[in-house]
Amino acid sequence: MLHLTINGKAVEVPEGSTIMEAAEAAGVKVPSLCHMKNVHQYGSCRICVVEVEGMKNLQASCMVKAREGMKVKTHSPKVLAARKVLYELLLSNHPKDCLSCNRNQSCELQELGYELGVTESRFEGAMSKSRVDISPSITRDTSKCILCRRCVTACAQIQKVGAIQAQNRGFDTVISPAMGLPLNSTACAMCGQCTVVCPTGALQETDGLTPVWKALADPGKRVIVQVAPAVRAALGEEFGLPCGTPVTGKMATALHEIGFDDVFDTLFSADLTILEEGTELLSRLNAALTGGQATLPMITSCSPGWIKHVEHQFPGELDHLSTCKSPHTMMGAVVKTFYAEKTGTKPEDMFVVSVMPCTAKKYEIQRPEMEVDKIRDVDAVLTTRELARMIKKCGIDFVNLPEGEFDAPLGLGTGAADIFGVTGGVMEAALRTVYEVVTGTELPFEQLHVTPIVGLEQVKTASITIENTLPAYEHLKGVTVNIAVTSGLEGASMLMKEVADGTSPYHFIEVMGCPGGCINGGGQPRCTEENYREKRAKALYSEDERKVLRKSHENPDLMKLYGEWLGEPNGHLAHHLLHTHYVERGKYNQLVENEKK
Ligand code: FES
């Protein structure tokens, strides 16, 4: 242990700690802009400078290691004066459009200015070249970039995609894809993890609100909204509620108050996904065991960022992906066919909005495959952050809203669907249904959680031996099914390398594109609280546990949909509406080569 004093207060920290960590141990918060605890130490902004006795120059506390006997001042007049100058220099090369910037009041740069008492910059000089790149999911505005490189770390180190890097040098430095390519023509997965860590408005979700407001104002449109499971675990954070507070009922009330005509729950179509995907898995296993053609392992397809990543990086392995569309696009297809017929509404007069924790879903709805008979499944995707903005704009007192309900017939979901939002959840939901279908035996409540795949580890695995079966599944008796679960594109790529090599021991793999699953999606509120992912995951498990219906095939409204209209899972109509195919995309290097040509 090392002993030092921070602002005169004695503190003890483990060897290897930085001065910033020592300050934290002393209860002092040193301001920072580029630093991300345990994730990104780059030392580019210098806002965290402190005075160390015996050292002539101020030191960047996030980079410099604490030493025995150090005496540190974190907020001395010299430090505060230096921080102010550093801040003003940053400001001298930053647009002054805070009032119209989407990050207004949620911008780390703006907050820091307030904290430092800076009201203007004394410096005027050249401005960096501005470039606005609007991709379907992410909008980049280089004029707002402070070159902290958090986004580069999120993309290259956490997701292992590497779609953006620092290009050029000195004053011309810009964070961009190689050769200044637009994001949409690179191997970017559109996961939006870069938008979560960006401290300013340089990286944001692409606007989904404008078309939604327009549709709501159009009396000729029936505007239908649906909400993904993970949104309810995080939306409350935008209104000051503690991280991990489930706000399902308040959210349903708010959506009605905003003026949506129908408020449906993506939980319904998550249950639908389980019926479709579980049936597909059983068909593939059946075929493999009876000498037929089957591609195993089968891999889940709910996460569009993950799908885009496979299409770029493993284009030869697309047959491993389940053909199921993602739950919200399934909902869109059902709304514009079944519900349109039921309500006598023309599908072209319907406008379906999905509220998602995800930025990649904005890109997904624009894929040509996501339509039925030339009608788009979903018309707009809003992130959780955008829904919060909408609620605030309508002046709704969210915290004090009464608990509301989703609308019938597409608003009912089981507990199995709630856990779709967390890594391991889709697999667990699928196993709850597949087990009962194959064995004909009820799975007791206390055995619903598949413990080895619960938790936030990067890769989780389990093996399940099928002991008893119904006669129709006799050939599965004694078979051991190996499963794997991963979240984040680094873990997914590790598992895919085995698949591509032909060495994968698994039969079924669940992949979610963001670390921890959708609870940590690129469209979720920016949260710096300790263990925020665990808290959001707990919120979804608590939603599951409070329900009476906890298995997808127990959803009575879903079974009615099959009985009255859809027919069998994986049947002809189900295939037409709810399944899709994938396309081989060029690898990043090939794209760069093509661009050169
Ligand atoms: Fe230390 Fe940016 S926070 S240099």
* Would you say the side chains of T206 and S137 form a donor-acceptor pair under 3.5 Å? -> no
* To do: For the residue pair Y532 and N520, confirm or rule out a side-chain donor-acceptor distance under 3.5 Å.
  => yes
* Asked: Do K29 and E24 sit within salt-bridge range, that is, some charged N less than 4.0 Å from a carboxylate O?
  -> no
* Asked: Would one find more than 12 heavy atoms of other residues, nucleotides or ligands at under 6.0 Å from atom NZ of K392?
  -> yes
* Asked: Going by heavy atoms in the side chains, are C62 and T18 under 4.5 Å from each other?
  -> no
* So, for S130 and D141, which heavy atoms are closest and what is the spacing to 0.1 Å? -> OG-OD1, 3.9 Å
* To do: Answer with yes or no whether the side chains of Q165 and Q167 bring together a donor and an acceptor at under 3.5 Å.
  => yes
* NZ/K160: more than 12 non-hydrogen atoms of other groups inside 6.0 Å -> yes
* Has the side chain of K362 got a donor or acceptor atom that lies under 3.5 Å from a matching backbone atom of V381? -> yes
* Asked: Can Q458 and E490 be counted as having a side-chain donor-acceptor contact under 3.5 angstrom?
  -> yes
* Donor on one side chain, acceptor on other, T173 and N168, under 3.5 Å -> no
* Flag side-chain contact, heavy atom, 4.5 Å: P182 against R131 -> yes
* **Evaluation steps, side chain to side chain contact (heavy atoms under 4.5 Å, CB included), between V28 and H75** => CA-CA 10 Å; V28 178; H75 289 75; 3.9 Å; yes
* To do: Using modelled atom types only, decide if a donor and an acceptor are shared between the side chain of R83 and the backbone of V49 within a distance under 3.5 Å.
  => yes
* To do: Taking all heavy atoms of A187 and all of V161, pick out the closest pair and write down the distance.
  => O-CG1, 3.8 Å
* Asked: Distance-only, no hydrogens or angles: does the R122 side chain make a donor-acceptor pair with backbone N or O of L89 under 3.5 Å?
  -> no
* Structure fact -> side chain to side chain contact (heavy atoms under 4.5 Å, CB included) with N7: of T74, V50, V72, only one passes, and it is T74
* Shortest non-hydrogen contact from S61 to C48? -> OG-O, 2.8 Å
* Asked: Do any N or O atoms from the side chain of T300 and from the backbone of C302 form a donor-acceptor pair under 3.5 angstrom?
  -> no
* State whether the side chain of K84 and the backbone N or O of G113 hold a donor-acceptor pair below 3.5 Å, judged by distance alone. => no
* Asked: Are T383 and T195 close enough, and set up right, to give a side chain to side chain contact (heavy atoms under 4.5 Å, CB included), and what steps lead you there?
  -> CA-CA 12 Å; T383 60; T195 69; over 6 Å; no
* Which atom of V118 lies closest to which atom of E88, heavy atoms considered -> CG1-CG, 4.0 Å
* Asked: Hey, does the side chain of E237 reach the backbone of T245 with a donor-acceptor pair shorter than 3.5 angstrom?
  -> no
* Decide whether S326 and E364 meet the rule of one side-chain donor and one side-chain acceptor closer than 3.5 Å. => yes
* Asked: Is there a side-chain contact between I419 and Y541 (heavy atoms, below 4.5 Å)?
  -> yes
* For F171, is the NZ or CZ atom of K129 found under 6.0 angstrom from the centre of its six-membered ring and inside 45 degrees of the ring axis? -> no
* To do: Measure from the side-chain N and O atoms of T266 to the backbone N and O of V227, and report whether any donor-acceptor pair falls under 3.5 Å.
  => yes
* Ring geometry between F239 and F398 (parallel below 30°, tilted from 30 to 60°, perpendicular above 60°) -> parallel
* Donor on one side chain, acceptor on other, R367 and Y363, under 3.5 Å -> yes
* Please assess C527 against R536 for the test side chain to side chain contact (heavy atoms under 4.5 Å, CB included), listing each intermediate value before the final yes or no. => CA-CA 11 Å; C527 185; R536 289 176 182 170; 3.5 Å; yes
* **Side-chain (K250) to main-chain (L401) donor-acceptor, under 3.5 angstrom** => yes
* Exercise: do K460 and T423 side chains pair donor with acceptor under 3.5 Å -> yes
* Check the pair K37 / E530 against side chain to side chain contact (heavy atoms under 4.5 Å, CB included), numbers first and verdict last. => CA-CA 10 Å; K37 198 177 172 185; E530 203 80 23; 4.1 Å; yes
* **N/O donor-acceptor pair under 3.5 Å between K9 side chain and G27 backbone** => no
* Asked: Of the non-hydrogen atoms in Q59 and V64, which two are nearest, and what is the gap between them?
  -> OE1-CG2, 3.6 Å
* Min side-chain heavy-atom separation I175-T142 under 4.5 Å -> no
* Asked: Between the side chains of Q204 and T139, does any donor sit under 3.5 Å from an acceptor?
  -> no
* Over 12 non-hydrogen atoms of neighbours within 6.0 angstrom of CD in E68 -> yes
* Answer yes or no: is there a side-chain heavy-atom contact under 4.5 Å between V378 and H328? => yes
* **Among R103, K361, R140, R385, the one residue meeting salt bridge (charged side-chain N to carboxylate O under 4.0 Å, His left out) with E205** => R385
* **Flag, side chain of Q159 to backbone of A156, donor-acceptor distance under 3.5 Å** => no
* Do Y42 and H35 have their ring centres less than 6.0 Å from each other? -> no
* **Which atom of C45 lies closest to which atom of L86, heavy atoms considered** => O-CD2, 4.3 Å
* To do: Indicate yes or no: does E311 engage R585 in a salt bridge with an N to O separation below 4.0 Å.
  => yes
* With a 3.5 Å cut-off and no angle check, do the side chains of H309 and S493 form a donor-acceptor pair? -> yes
* **Results of salt bridge (charged side-chain N to carboxylate O under 4.0 Å, His left out) for R67 - residues two or more places apart only** => none
